[in-house]
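As structure tokens, the structure follows; a few thoughts come after it.
Reminder, nothing fancy here: chain letters follow the sequence lines and each chain counts from 1.
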Protein chains: 2
Amino acid sequence: MNETLHSISAIERDTGLSREVLRKWELRYGFPQPVRAAQGERLYPDEQLQRLRLIRRLIDQGRRPGSLLRLDSAALEALLAELATAAPATLPPAVGDEVLALLTAHDAAGLTVLLNRTLTRCGLQRFVTDFIAPLNVLIGEAWLSGAIEVAEEHLYTEQLQNVLRAALSGPALGAGSPRVLLTTFPDELHSLGLLMAEALLSTEGAACTSLGTQTPVEDIIRLASSGRVDIVALSFSGAYPLRRAVEGIQRLRTALPEAVALWCGGAGLQGRRPEIEGVRQLDTIADCLTALADWRARAAED
Amino acid sequence: MNETLHSISAIERDTGLSREVLRKWELRYGFPQPVRAAQGERLYPDEQLQRLRLIRRLIDQGRRPGSLLRLDSAALEALLAELATAAPATLPPAVGDEVLALLTAHDAAGLTVLLNRTLTRCGLQRFVTDFIAPLNVLIGEAWLSGAIEVAEEHLYTEQLQNVLRAALSGPALGAGSPRVLLTTFPDELHSLGLLMAEALLSTEGAACTSLGTQTPVEDIIRLASSGRVDIVALSFSGAYPLRRAVEGIQRLRTALPEAVALWCGGAGLQGRRPEIEGVRQLDTIADCLTALADWRARAAED
DNA sequence: CTTCAATTTTGTCCAGGACAAAGGTGTGAT
DNA sequence: ATCACACCTTTGTCCTGGACAAAATTGAAG
């Protein structure tokens, strides 16, 4: 199950640590200590990948490799906990300003660099929950206040899509269970929420299939009833009328097989809580992860 | 001024060729042949960087390194020219059937694998012009004839976007000139054409900025008039009313600075040729490349 | 003309050594 | 005590040269 092994290039891509650094660390500090394939190629178990991600984050916090690499997992977790309490998951204002400055300067390349740097620095999950989620709010506010135009918002969306989709196309991300179908109702054009959910769920091993926006409810039902879907996830932006959302969700819920879970999230439902029987509401993007954990716990019972 | 020398990491970043490949080529084929710094570090002159870029492009076209690396710059340029005039290819029916089969089976993962395999096999340019372009037509026909549903078309679009955007986020793709702004008018939702154009133009070194779909004409004008854009490229799907397209294009053309080129393409304009003064029409997606070559030729005159 | 096996090409991986830039430490002067 | 400067340590990058597997090409047989 978690027997998956990663080549050194996979580790390089996932952690941002170059092959050469990985080899030197192994030589100098004895970690990571991958198993070897037939011809001596390094194969890193998941556990070591996780620990390397952790180390990477701590290094980015200003700590030095030499000390971190001699610690065991427990000590690293302790450091991480300390770090988590220090960082209250909100966006440093300077970062928000930097993004807005890049947008008003129409510097697409600069924005991509910033996004990618942040992604490799804090990992896909944190990137989505702690960076993109608050950033989206900021962008929305900036647009409302007239600080940026539609075009700049588009620019942001576009670059972010590039970065997220590239991250998603990594190797064997989300090849497991459950199988999640993501989409929006017709008239709902915003796809970023779907992409963020797909990213989060994929890192946790869910097999995501996104249909993008605007799928007719009949089509959703047909696909979800084929027996190859465990969860249907819908996203509603703030502009989507609550009444129409509730109506569609109810129709979908009754038409779907009972075994198929239905999750709904997005700004269009946030705050107001329709509470429909048999529908899981996701208040924040991070709720995807708890919902997934709950689904797995329940699935394990049966 | 052109005495600038580049370290091996700079070359890796600019060309996407790994250090290891660069060293092996030097060993095996005698090119590139960098000068050496005090401690033997490789330092590549600009000229070799240029030639490496060219080689990289030709490899992406499906040619093999062994033959290319033994050629001199003149022969390489000749190949590049020949490449621009290459015959338009059509899709083998078996491949189309395979794609349709995957779609009706809702096998997103299988489709992604197929797309990625084709991409790596024939390179980004050929992938777009010879594979995706005819495939899009096929998908469109399949939908019209009822062979596939909206959901399956969405599935196709989504997977293709993942693959194309991942390919685009490669290293230093499109960091040069000209600077192209890509988008669609409001009411135009189809983004695939933009993405394909962005992919093609980027491989040829254009600095593309896509705003995605539905940008207000005023915003396009504002951005394009900032002096940081050389070309504005618009896409119109078959569903877009011709009259509205022409109207918008004319308005845009008069409002844009004369120095900014305006390119328009997509099924919405194909066949009918409004022929607007000062507007370049792209009949096929591959026309992006010839238009780019023309633009560069004209730019070189001044 | 197709099919399958042999061969060549090509990218990736390995080990172990060297070195410079960045980070830390100690000493003396203000 | 604080600052500047010389010194040591840590750390990432670069080097050479060899091995091998996957992909592409070629050639032989059906």
Scan [X] against the nucleic acid and name what it touches under 4.0 Å (heavy atoms): base, sugar-phosphate only, or nothing.
X: B:Arg28; value: base
X: B:Arg23; value: base
X: A:Leu27; value: nothing
X: A:Glu41; value: sugar-phosphate

> Of all the choices, C:dC14, C:dT10, D:dG12, which nucleotide is nearest to the side chain of B:Pro65 once you look at every atom?
Replying inline: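 Nearest to the side-chain atoms of B:Pro65, counting from C-beta on, is C:dT10.
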> Among D:dT13, D:dC14, C:dT10, which is the nearest nucleotide to the side chain of A:Val21?
Replying inline: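 Looking only at side-chain atoms, A:Val21 lies closest to D:dT13.
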> For B:Gln39 and A:Lys24, take the nucleotide of DNA chain C holding the closest heavy atom to each; which residue's nucleotide lies nearer the 5' end?
Replying inline: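 Comparing both residues, the 5'-ward one is A:Lys24.
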> DNA chain C: A:Ile8 or B:Arg70, which has the more 5' nearest nucleotide?
Replying inline: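 Closer to the 5' end of DNA chain C: B:Arg70.
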Whole angstroms only, please: what is the [atom1]-[atom2] distance between [X] and [N]?
X: A:Arg63; N: D:dT11; atom1: CZ; atom2: C1'; answer: 18 Å
X: B:Leu43; N: D:dC15; atom1: CG; atom2: C1'; answer: 13 Å
X: B:Arg19; N: C:dT12; atom1: CZ; atom2: C1'; answer: 14 Å
X: B:Arg36; N: D:dC15; atom1: CZ; atom2: C1'; answer: 8 Å
X: B:Ile55; N: C:dT10; atom1: CD1; atom2: P; answer: 12 Å
X: A:Leu22; N: C:dT12; atom1: CG; atom2: C1'; answer: 15 Å
X: B:Arg42; N: D:dG17; atom1: CZ; atom2: C1'; answer: 11 Å
X: A:Tyr29; N: D:dT10; atom1: OH; atom2: P; answer: 8 Å

Between [atom1] on residue [X] and [atom2] on residue [Y], distance to nearest 0.5 Å:
X: B:Thr112; Y: B:Leu155; atom1: OG1; atom2: CG; value: 8.0 Å
X: A:Thr209; Y: A:Arg179; atom1: OG1; atom2: CZ; value: 9.5 Å
X: B:Arg42; Y: B:Arg36; atom1: CZ; atom2: CZ; value: 4.0 Å

>> For a quick test of reading the model: is some side-chain N or O of B:Ser9 closer than 4.0 Å to OP1 or OP2 of D:dC14?
In response: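 Yes, within the criterion.
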> Taking only side-chain nitrogens and oxygens of A:Ser18, does any of them come within less than 4.0 Å of OP1 or OP2 of D:dG12?
Replying inline: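 Looking at the OP1 and OP2 atoms of D:dG12, neither is under 4.0 Å from any side-chain N or O of A:Ser18.
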>> Please check this pair: side chain of B:Arg56 against backbone of B:Gly16, looking for a donor-acceptor N/O pair closer than 3.5 Å.
In response: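 Between the backbone of B:Gly16 and the side chain of B:Arg56 there is a qualifying donor-acceptor contact (under 3.5 Å).
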>> Can a donor-acceptor pair be found, under 3.5 Å and without considering hydrogens, that links the side chain of B:Arg53 to the backbone of B:Leu49?
In response: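 Not at all, since once roles are kept as given, no pair shorter than 3.5 Å links the two residues.
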> With nearest nucleotides of DNA chain D determined for B:Glu26 and A:Ile59 from heavy-atom distances, which residue corresponds to the more 5′ nucleotide?
Replying inline: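 Checking each residue's closest nucleotide, the 5'-ward one belongs to A:Ile59.
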